[in-house]
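I have placed the structure first, in the form of structure tokens, so that the comments after it can refer back to it.
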Amino acid sequence: MSISVDQPNGRTPLIEFREVHKHFGKLHILRGVNEKIMEGEVIVILGPSGCGKSTMLRCINHLEKIDGGDLIVDGINLGDPHANVNRIRGETGMVFQQFNLFPHLSVLQNVMLAPMKVRGISKDAAREKGLKLLKRVGIEEKADAFPIQLSGGQQQRVAIARSLAMDPKIMLFDEPTSALDPEMIREVLDVMRGLAQAGMTMAIVTHEMAFAREVANRVLFIDGGKVCESGTPAEFFDNPKEERAKDFLSKILKH
Amino acid sequence: MILLAEANAAAPAVSDYFGSAIVEYLPYFLRGMLMTINISFWAAIVSFAIGLVVAVLRVTPSGGLKVVATAFTEFFRNTPLYVQVLVFYFGLPKLGIQLKFSFFGIEVGDSFSAGTLALGLYTGAYVAEAIRSGLLAIPRGQGEAARSLGLSVLQTLRLVVLPQAIRLVLPPLGNLYSAMLKNSALLSSIGVMDLMFQADFVNNRTFKTFEVFTSVVFFYLMLTLPMGWFVHWLEKKYNPLRAKTLRLQGARI
Ligand SMILES: Nc1ncnc2c1ncn2[C@@H]1O[C@H](COP(=O)(O)OP(=O)(O)OP(=O)(O)O)[C@@H](O)[C@H]1O
Ligand SMILES: [Mg+2]
């Protein structure tokens, strides 16, 4: 509650970027990002390749360290060197383009691992929770299979269940369907849609424009290392204000 | 008639081969084998522990310990094992390091502990290299996924990255441990009473050089072959999906 500044609706943002900068060597990727993500919001992040979309998500769960500004996640400032980073990681579930399931563990073990080792819950409780989550993503019959025995779409759904097992406050998705064959994209988007409807806070980088338009509360367009435009999907897709956003949309909507 | 007589003359030699020297001294060989197993067991533990630590240190980005770990591997891999064994046996006492101690009531002599340590560290340098190559082969995303779930650095290593890396390098590890078992014969030179030591002893007693050393070959095979089978079994047990996993991961990256 200590960091409430000028909230439009009086709530504290779950995530707040304040003049966030990030370099990779000489490359200046994030150049003063300011943004707030409120609880329950579903944000879709768009922008040209290499603009820093993944970097933004990775900063939120501290896979990348910011090197300027403040990034406040659930009340903890990641710009502070003494921040309890492991706690933040548990609160922010991340789903990767490559799924990154642990191949030496069964599907159920993948989902049970973090709750047991990070939260310290019992094996039985973790199993019960794991099975419930696998059911939620429609894949409980594969609980004892190994990741390699699953299709890409199934693997990604397990990855989502694995993140959910930590009861995260926000789910971050970095191009979750980009490595999938077209016929498997839908099953993953369906799971994500279900999460959004259940009120999960989400930040999604995706190229699925129809999905973005349908599910997002707000679209962020990133360019030049900053949030270049922010608005509802209707505003953004039908009536973009920025020249660069128009240019971007004309390119991606052509095909 | 003459041919038959010659055949009869040859017969006692054969029965003599199996009969006297080897059978009579079998307890010596068996004691030697037990000692060889004993040294190999401890050296395996030393080498695996040191190999794990050194491998992990070598892949961490941070500086100081990485240099130490690299120096360790380079030193032990680039000098002869025989010299290392001698240095440990003769050198350590000179530095005031006493390796004689009692372990569960059993007196452990200088030669045993110095030899086991030397063999363990030497093998450990190779084990470290094998595990390091395994660690480098694990896709970055594995560690990132583990960290993003809130696992600490150590948990990520212990539960996610190392188990995969070690499964990946089981075949080279098997080769290293087979080499280690064979290399343990060198410890006979500092008085460890292993299989090789007992063979020398029996040979000096009986002068049946050929018989003694061919049987020693057999005794070593009785140790190394089952170990090879054991490693093979481990590979099968832990890695039924390994080849497939790698292929798919490779294709996606
Ligand atoms: N670890 C890294 N080291 C050096 N450069 C990096 C690193 N990670 C990202 N970059 C660079 O930072 C820039 C932004 O990367 P980022 O992955 O955030 O882009 P993106 O918007 O997600 O792009 P894409 O749509 O292609 O996924 C790119 O130019 C990339 O090459
Ligand atoms: Mg990206």
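The sequence lines fix the lettering, A, B, ..., with proteins before strands; numbering per chain opens at 1. Since the structure is predicted, the reported quantities are computational estimates derived from the model, not experimental observations.
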Residue selection (most heavy-atom pairs with chain B, distance under 4.5 Å) from A:E91, A:M94, A:K117: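 Max contact count across the listed options: A:K117.
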Counting only heavy atoms not in [X], do more than 12 fall under 6.0 Å of its [atom1]?
| X | atom1 | answer |
| --- | --- | --- |
| B:R31 | CZ | yes |
| A:H23 | NE2 | yes |
| B:F218 | CZ | no |
| A:M116 | CE | yes |
| B:E74 | CD | yes |
| A:R119 | CZ | yes |

Please assess A:R58 against B:E144 for the test side chain to side chain contact (heavy atoms under 4.5 Å, CB included), listing each intermediate value before the final yes or no. CA-CA 10 Å; A:R58 292 164 61 85; B:E144 291 187 344; 2.7 Å; yes
Side chains of B:P139 and A:Q98: closer than 4.5 Å at any heavy-atom pair?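 No, side chains not in contact.
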B:L151 CG to A:M166 CE distance, which is reported to the nearest 0.5 Å: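 Going from the CG atom of B:L151 to the CE atom of A:M166 covers 7.5 Å.
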Rounded to the nearest 0.5 Å, how far apart are CZ of A:R89 and CG of B:L149?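 Rounded to the nearest 0.5 Å, the CZ-CG separation comes out at 10.5 Å.
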Donor-acceptor pair, [X] side chain versus [Y] backbone, under 3.5 Å?
| X | Y | result |
| --- | --- | --- |
| B:Q142 | A:L101 | yes |
| A:H104 | B:L159 | yes |
| A:N100 | B:G141 | yes |

Is A:F102 close to chain B through its backbone or its side chain, or both, or neither, when contacts mean heavy atoms under 4.5 Å?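 Both parts, heavy atoms under 4.5 Å.
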Show your working on side chain to side chain contact (heavy atoms under 4.5 Å, CB included) between A:L113 and B:V160 and close with a plain yes or no. CA-CA 10 Å; A:L113 183 70; B:V160 174; 4.0 Å; yes
